[in-house]
Each structure stands twice: as C-alpha cells, then as structure tokens.
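As the structure is a prediction and not an experimental result, all values here were calculated from the model. Hydrogens, waters and symmetry mates play no part in the numbers below; they use all other heavy atoms, side chains included.
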Amino acid sequence: MKLTGNILIDGRWQPGNGEAIDSSNPAAGASVWHGSAADRSDVDAALIAAANAAADWARRPSDQRIAILRAFQEQLRSAQDWLAELISRETGKPLWESHTEIAGMIAKVDISIRAWDARCPPYGGRQGDLHWSTHYRPHGVMAVLGPFNFPGHLPNGHIVPALLAGNAVVFKPSDRTPAVGEACARLWEQAGLPEGVLTLLHGGGNTGRAIVEHAAVNAILFTGSYATGKAIHRLLAGRPEVLLALEMGGNNPLVIGHTQASQAALYIAIASAFATTGQRCTCARRLILIQPEVPDTFLPELIDAARRLRQDAWNSQPDPFMGPLIDKDAATAVASAQQQWIDAGAKPLLRAEQSNDRPAFISPGIIDTTGIDIPDQEIFGPLLQVIRVPDLDAAIHEANRTAYGLAAAYVGDNPAAWQAFHSNVRAGVINWNRQTTGARGDLPFGGVGHSGNHRPAAWFAADYCAWPMASITQPIAALPSDLPPGLNLTGDPP
C-alpha cells in the first residue's frame, strides 16, 4: 500500500493546506511519513461533505453496514503484517506488540456487532392497536481524535461502533502517527465504505480545534491527556447538543499485599508499569506496598527484573520487551519529572536514564516517594513510584489519593482484602491478581474524575454512538373512550 501524505475529503485524496507534518521512527530517526495538515478551509469542506454523506449512510439497512465492517476486518487480516510493521516504525513499539494491536482491531468488529445487538435492540410493546417502541438513531457526524500510543486500535474502537450505528466519521489521527491513520483510512476505502462516510484530516492542535468548533460536528470522541480533554470541554461550552466522550488517562495504583505467588506478583508489577514503555493510559504509576505483608526481597527483585528488561528498536533480535518513547521530548519529560521528585526528597531505587545516542530511549525508573508530596499527574513513560504503607486501609486511602480514576489492581491471596479494595477504590477498571493494563473489549473501558466523563468505551461504545428514540403509534387515529373534562369537540351542549 502506498501512502501519499494526503488528507481524504468526500472520497478524494488531496494535499492539506496547513503546515507540514513529518513523522519519523523514534528509534532510528528515519522518515516514515511526510504530508500537510488540514487548515480551517479543509476542515470546513470535510465537515460539510461528511454531513451530506451521513444521511444516506444512516438510511442503509444495518446488514449492509455490517457487511462493510466485515470487509474492513478482512482488509485488516490481509494487511496485518504490513500494518504491524508500520505501527512499529512510527511508534517505536516492538513488532510483537504491534501484532497484538492489530489483533485487537480485528476483534473489535465482532465485539462491536455483539455489543450493538445487546445494548441497542429494538424494544416495545402492544395493547390492541396501540404500539410503543424504542429505536436507535445515529448522531450524524462524529469526530474521532486519536492518540499516538495505539494509533490503530484506540481510534478503531470509536470508528467501528460509530459507523455501525450509521454515523459518518471525521478522523484526525495524532500528528505523531499520521502514517497509521492514513493506512487505516485506505483500508476502509478498499473495504467499500461509501465516499464521504469516513474523512481523514491530519494536523495538531489547530486542526483539532477547528473540528471541535465546527457547527456541523455532532459528537467528539477523544483519547488523550486530561489537559487536552479539558480544553475540548471548554471549547464546547454552551453547546450541550454536541456529545463528548473523553478518555484521559490515569495516575493508576497497583497495591501488593500478602501473596504466595511472588513470581507472579513480580510479573504483574513489571507488566503494569512498563508495558509499551509506560505509554498506556492504564499503566501503574504508583506501586503501593503493604509493608508488613510484602517480603523484604520483593523490591530488590523488582528492581533487578526492571534493570534486565530488554529495550531496543522494534526490529532488533531477540525481541525487546520495550522500545523508545514516541520522541525525544517525551523521554526528556520523564527524566525531568524524575529529577523533580528527587529534588523534593524522593529516593531513586533505579534511575530512569535517557540515552545520549538515541534520545527517545529512556530506561525504566523506580523511585521511592513514601512520605513525599508528589504532584498528582500522569507521567507517560516508564517511571514508577513506590509508596510503603502499614495496612490495607492505608493502601486504599493512598490508592484513592488522586483526581484520576481509570485503573487499579490489587495483588494478594486474601479474598476479604480484595473485596474491601474492590468496594472502596474509585476507578473504572479494578483488577485482582492481574495487571492494571489488563482490559477486555467485551467489558466497559473508562474512568471517573480526571480520567473520563462517564462515557466508557469498548462494550459500552454503542451507548454514545446512537441516541434512543421513543414512538407511540396506532394505524388509525381514534378518539379516546372518555374525553377530558371541559373538552367539547362537536359544539353540542354538554
């Protein structure tokens, strides 16, 4: 598949009229994609075209829409090796992990169809000639603003259910991963999606703002930072008719108590903190150890395991566990946060070290912040706080000491402790003896507080991709058996 660096409006690929965008491999610096952003004139043309295409797409029978979704699924299967390599080259993540991302994209089609059938079935009743029913209508034009960490899977998790419900979609991928965005749009085109039903607009903040502010947009589906989500919310002030679904990351706790499965606990801590080089919204940022219950050997073993993690380029052999961060600035931000913690009195147990030769690479960091006032923020990289507490109550208090509320996990053998954790921790995903990064497409995915606005995705995406419409009908208009008092339709004396 040839990528051209163009945007897609009304079925036509064309150069954007905005600033230049370049994408490069964060491990090696080699160019991956070059093109131009969409400016406001492009956004205006795109939203108008999408609004025009939405009506015809919505009128199509659902089985026709499902057929195109399944054709896209087959396109993904055919292109998965090529697409996985593109994801790895553009994000830096290891190739094995990119293949798991493609598998998630393929599975999303079946999951979305099942979720639609389960959550949005026609419903009604009848009494004589009177019939009442509920049906689900698309919003019209839904804008999907995608992230860089899962540039295929996370936007796909919005696009598939939005199209299934009958919406047209305007997709703006992250300006750090435009190549994957273009590739996915071309696969939809090859699947036979009608012109204008999917629009692709490249760009950064200016393009995103123009999309959000446009009068033709009916819904915004965003995945990214709390700061950007909050800015989008402000831009929509006074426009309650525009649906907004936000997924904004987390400052996630992993609590470890007494367990006989010490090796499993080590794995869960590593997988929670350092999967995707810490660039998952569900990654554990705070490791809370119930000190009397956790052996003294656990932390040294964790540090040693983190130090031994293989970190290298996406195509190196043997396969690495971690790659670089998305770019040099992201790695520098992690190193800066670490230094701020140390300056505040935190103790470095394993320093995260930024590479001089390959500046997007930064090694895992583990910092003891017990008793230190650390800002409540999401550090998007492989930097883990360790916080020691005396008991489960203190662990639950510490877990909730954040404005975020996306993911949390408890590792321990005591079912009563798990029940207390599950009942009292405030998060949208709460796991037991599993990593914080473990999520499923057939469950809701979303958080509370600074992590979201009560519109969970995954299985629940059907809820915000359509709105319920109620109808009460009868085939022939008829008078009620008893007219209300004071009503005279004939003019005859009462």
Side-chain angles (χ1 to χ4, degrees), residues 97 100 250-311 320-322 346-352 363-370 379 381-402 406-440:
E97 189 172 356
T100 67
N251 190 5
N252 308 303
L254 171 64
V255 173
I256 297 185
H258 172 73
T259 178
Q260 296 292 332
S262 58
Q263 288 295 106
L266 279 175
Y267 168 77
I268 290 169
I270 291 289
S272 295
F274 304 128
T276 319
T277 322
Q279 295 176 117
R280 293 193 189 190
C281 56
T282 53
C283 277
R285 311 298 176 191
R286 296 174 293 144
L287 175 62
I288 301 169
L289 300 179
I290 303 177
Q291 201 159 23
E293 300 181 14
V294 178
D296 293 339
T297 57
F298 178 80
L299 202 49
E301 289 172 352
L302 176 64
I303 294 166
D304 190 49
R307 186 181 284 116
R308 293 197 310 270
L309 288 175
R310 178 170 172 78
Q311 185 175 21
F321 177 77
M322 298 166 57
K347 179 183 177 182
L349 305 176
L350 177 65
R351 283 182 181 265
S363 64
I366 301 175
I367 312 295
D368 191 334
T369 63
T370 304
I379 304 301
L383 190 59
L384 179 66
Q385 297 181 52
V386 173
I387 304 167
R388 306 165 195 257
V389 297
D391 53 38
L392 179 64
D393 288 342
I396 291 172
H397 174 77
E398 185 64 42
N400 284 331
R401 204 163 65 88
T402 177
L406 180 58
Y410 171 74
V411 177
D413 299 342
N414 187 343
W418 156 245
Q419 286 300 327
F421 185 85
H422 183 266
S423 299
N424 291 284
V425 170
R426 189 168 181 264
V429 177
I430 303 180
N431 296 337
W432 182 23
N433 289 325
R434 301 283 295 181
Q435 62 263 34
T436 59
T437 49
R440 291 180 60 96

Check your understanding: Measuring from Q279:CD to M322:CE, what's the distance to the nearest 0.5 Å?
Key -> 9.0 Å

Study note, to complete from the structure: All heavy atoms of P364 vs all of L309, minimum pair found to be CG-CD1, 4.1 Å

Point to revise | side-chain contact (heavy atoms from CB on, under 4.5 Å) between N251 and I379, intermediate numbers included | key: CA-CA 8 Å; N251 190 5; I379 304 301; over 6 Å; no

Check your understanding: Closest heavy-atom contact between T259 and G412?
Key -> CB-CA, 4.2 Å

Exercise for review: Compare every heavy atom of A395 with every heavy atom of V255, then report the nearest pair and how far apart it is.
Suggested key: CG1-CB, 3.8 Å

Check your understanding: With distance as the sole criterion, is a donor-acceptor pair present between the side chains of T276 and E97 under 3.5 Å?
Key -> yes

Check your understanding: Hey, mind stepping through Y410 and I430 against side-chain contact (heavy atoms from CB on, under 4.5 Å) and telling me if it holds?
Key -> CA-CA 8 Å; Y410 171 74; I430 303 180; over 6 Å; no

Exercise for review: Using a 4.5 Å cut-off on heavy atoms from C-beta on, say whether the side chain of D413 contacts that of Q260.
Suggested key: yes

Review point. Restricting to pairs with a member in residues 287-304, which pass side chain to side chain donor-acceptor pair (under 3.5 Å), not counting sequence neighbours?
Key: D304-R308

Review point. With side chains defined as the heavy atoms from C-beta onward, is the minimum distance between N414 and H258 less than 4.5 Å?
Key: no

Review point. Are Q385 and T369 close enough that a side-chain donor and a side-chain acceptor fall under 3.5 Å?
Key: yes

Review point. Got a donor-acceptor contact below 3.5 angstrom from the R285 side chain to the G278 backbone?
Key: yes

Check your understanding: What distance do L289 atom CG and I387 atom CD1 have between them, rounded to the nearest 0.5 Å?
Key -> 9.0 Å

If you look only at distance, which donor and acceptor atoms sit under 3.5 Å apart when one is on a side chain in residues 416-424 and the other is two or more places apart or in another chain?
| residue | atom | partner | partner atom | Å |
| --- | --- | --- | --- | --- |
| S423 | OG | Q419 | O | 2.8 |
| N424 | ND2 | A420 | O | 2.7 |

Review point. Taking the side chain from T370 and the backbone from R388, do they hold a donor-acceptor pair closer than 3.5 Å?
Key: yes

Practice item. Apply salt bridge (Lys or Arg N to Asp or Glu O under 4.0 Å) to E398 and list each qualifying residue two or more places apart in sequence or on a separate chain. Key: R401

Exercise for review: Report yes if some heavy atom in the side chain of I366 is under 4.5 Å from a heavy atom in the side chain of V386; otherwise report no.
Suggested key: yes

Check your understanding: Of the non-hydrogen atoms in S363 and P382, which two are nearest, and what is the gap between them?
Key -> O-CG, 3.9 Å

Check your understanding: Does the side chain of T437 come within less than 4.5 Å of C283's, by heavy atoms?
Key -> yes

Point to revise | I290 side chain near I256 side chain, heavy-atom distance below 4.5 Å | key: no

Exercise for review: State, yes or no, whether a side-chain contact exists between I367 and L383 at a heavy-atom distance under 4.5 Å.
Suggested key: yes

Study note, to complete from the structure: Scanning both residues in full, the closest heavy-atom pair of L299 with L349 reads CD2-CD1, 3.7 Å

Review point. Strictly by modelled atom types, are T436 and N252 linked by a side-chain donor-acceptor pair under 3.5 Å?
Key: no

Review point. How would you list, by chain and number, every residue that makes a salt bridge (Lys or Arg N to Asp or Glu O under 4.0 Å) with R310, sequence neighbours excluded?
Key: D312

Check your understanding: Can you check whether R434's main-chain N or O pairs, donor with acceptor, with N431's side chain at less than 3.5 Å?
Key -> no

Check your understanding: Would you say the side chain of V425 lies within less than 4.5 Å of the side chain of I396, judging by non-hydrogen atoms?
Key -> yes

Review point. Got a donor-acceptor contact below 3.5 angstrom from the D368 side chain to the A346 backbone?
Key: no

Check your understanding: So do F321 and T277 actually touch side chain to side chain, heavy atoms under 4.5 Å?
Key -> no

Practice item. Could I get the full list of salt bridge (Lys or Arg N to Asp or Glu O under 4.0 Å) partners for R440, not counting sequence neighbours? Key: D442

Check your understanding: Can you name the salt bridge (Lys or Arg N to Asp or Glu O under 4.0 Å) partners of R286, sequence neighbours left out?
Key -> none

Review point. Can you name the closest pair of heavy atoms from A284 and L384 and give their distance?
Key: O-CD1, 3.6 Å

